[in-house]
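These numbers were taken from a predicted model, which means no experiment stands behind them. Below, chain A is the first sequence line, B the second, and so on; all start at residue 1.
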Protein chains: 2
Amino acid sequence: MEKRQNYSQKREAIYRAICSSACHPSAEWLLTTLKRDYPDLSLGTVYRNIARFKEQGAVVAVAVVNGQERIDANVEPHMHFICRGCGAVLDIEGELADDASLAQIEQRYGLKVESQNLLLYGMCAECRK
Amino acid sequence: MEKRQNYSQKREAIYRAICSSACHPSAEWLLTTLKRDYPDLSLGTVYRNIARFKEQGAVVAVAVVNGQERIDANVEPHMHFICRGCGAVLDIEGELADDASLAQIEQRYGLKVESQNLLLYGMCAECRK
DNA sequence: TCCAAAACAATAATAATTATTATTTTTATT
DNA sequence: AATAAAAATAATAATTATTATTGTTTTGGA
């Protein structure tokens, strides 16, 4: 029997915030953003629910920027750009390693690839000015 | 005039350890490994020198595994595999995004790409058993 | 050898994250 | 609707990686 999972307003709000923000939020960002609607939301709750979403595969950590983990509700493999100036994390459309290449790597190194993450680093349009 | 840079046995030992280890070490690993030969080496010194190597471009941070930053003295762009089981970081030969693709991304998003890092996640040969 | 700059160890301070505990919310059942 | 067990939470404490500070030692030129 699987574990029962009760409904929680806050969990839903956290997940919605992750989905509806394009910024790939950190725990801190989620807390301050959601404080407006849920004044008694605590950071522990944000971390606990992020951990749960990760376990379920509903979100994925895409990068650590300035020591803070940034997450994405778009779990389809895609690139990210990280700005050295402002720390922004942007989605980038484009190809990743294809299945054939991954299969070749798996064979060659005897390992099993479960996911991939291509990060580009540099300066975003804003910060270049 | 450029900044004077005195010689330091420990700095050299730290750099050599990074170069000669295939494990993409963390600060912690470097400390414990080098303690044998330099019993009064301190963690602060390890961090300070890693920071300097990064500024100089002599090493690059390739991943954060279990909260610890892992570094590589091979600054040529190449893939890495990260084992979900044991946290190992392995070098993987293979193509990254080529200059043409990057130029296209730069144009499309108005940004400047300075480096890239492709991470594969999964289970290494050892941990699969 | 003498001196100033650089590097260091030891220690304290930060900052992100995780764990604990007592309270509140949810939900199934009466 | 009332009740009680399970789950979720806030508040708080504890951990852990990293950075900053300070006083001492090392380095290398004069």
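- Residue B/K10 places none of its side-chain N or O atoms closer than 4.0 Å to OP1 or OP2 of D/dT26.
- Separating the CD atom of B/E12 from the C1' atom of C/dA6 is a distance of 16 Å, rounded to the nearest angstrom.
- Taking the six-membered ring where tryptophan is involved, the planes of A/H78 and A/H24 are tilted, since the angle between them lies from 30° to 60°.
- Following rounding to the nearest Å, B/I71 (CD1) and D/dA17 (P) show an atom-to-atom distance of 15 Å.
- As a whole-Å value, the separation of B/N6 CG from C/dA6 P is 7 Å.
- The pair B/K54-B/E69 meets the salt-bridge criterion, with a side-chain N (NZ, NE, NH1 or NH2) lying under 4.0 Å from an Asp/Glu carboxylate O.
- Of the candidate nucleotides C/dC8, D/dA11, C/dT18, D/dA11 has the atom nearest to the side chain of A/S42.
- Contact check, A/Y47 against C/dT18: no side-chain N or O comes under 4.0 Å of OP1 or OP2.
- As judged by a 4.0 angstrom heavy-atom cut-off over every strand, B/R11 is placed among residues touching the sugar-phosphate backbone only.
- Between A/R48 and D/dA8, a side-chain N or O to OP1/OP2 separation shorter than 4.0 Å is absent.
- Residue-level contact check: A/Y7 touches the backbone only, with heavy atoms under 4.0 Å from sugar-phosphate atoms and none from bases.
- The CG atom of A/N66 sits 9 Å away from the P atom of C/dA16 (whole-angstrom rounding).
- Distance OH (B/Y38) to P (D/dT26): 14 Å, rounded to an integer number of Å.
- Residue contacts shown for B/G67 are limited to sugar-phosphate atoms, with no base heavy atom under 4.0 Å away.
- The side chain of A/T45 contributes an N or O atom lying less than 4.0 Å from OP1 or OP2 of D/dA10.
- Summarising the geometry, the separation between CG on A/D40 and P on D/dA11 is reported as 7 Å, rounded to the nearest angstrom.
- Where A/G44 and B/V46 meet DNA chain C, the nucleotide closest to each residue was compared, and B/V46 sits on the side nearer the 5' end.
- For B/Q68, the side-chain atoms get nearest to D/dA17 when compared with the rest of D/dT9, D/dA17, C/dT17.
- The shortest distance between side-chain heavy atoms of B/T45 and B/R11 does not fall below 4.5 Å.
- At a threshold of 4.0 Å, the pair B/K10-B/D37 does not count as salt-bridged, since none of the basic side-chain nitrogens sits closer than that to a carboxylate oxygen.
- In this structure, CD of B/E28 is placed 10 Å from C1' of D/dT16, rounded to the nearest angstrom.
- Residue B/L41 is in sugar-phosphate contact alone, with no base atom involved, counting any heavy-atom pair closer than 4.0 Å across all strands shown.
- In this structure, of D/dA6, D/dT27, C/dT17, it is C/dT17 that holds the atom nearest to the side chain of A/L43.
- Nucleic acid contact for A/Q9: sugar-phosphate only, since backbone atoms but no base atoms lie under 4.0 Å from a heavy atom of the residue.
- Backbone-only engagement by B/E69 is indicated by non-hydrogen atom pairs under 4.0 Å involving sugar-phosphate atoms exclusively.
- Which of C/dT17, D/dA8, C/dC8 sits closest to the side chain of B/S8 comes down to C/dC8.
- Regarding A/L31, its CG atom lies at a distance of 16 Å from the C1' atom of C/dT18, rounded to whole Å.
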> side chain to side chain contact (heavy atoms under 4.5 Å, CB included) between B/I71 and B/V62: does it pass, once the steps are laid out?
Replying inline: CA-CA 6 Å; B/I71 60 176; B/V62 294; over 6 Å; no
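- In this structure, the side chains of A/L118 and B/L96 stay at 4.5 Å or more apart for every pair of heavy atoms.
- Residue B/R52 has a polar side-chain atom (N or O) positioned under 4.0 Å from OP1 or OP2 of C/dA7.
- Distances shown here put a side-chain N or O of B/N49 below 4.0 Å from the OP1 or OP2 atom of C/dC8.
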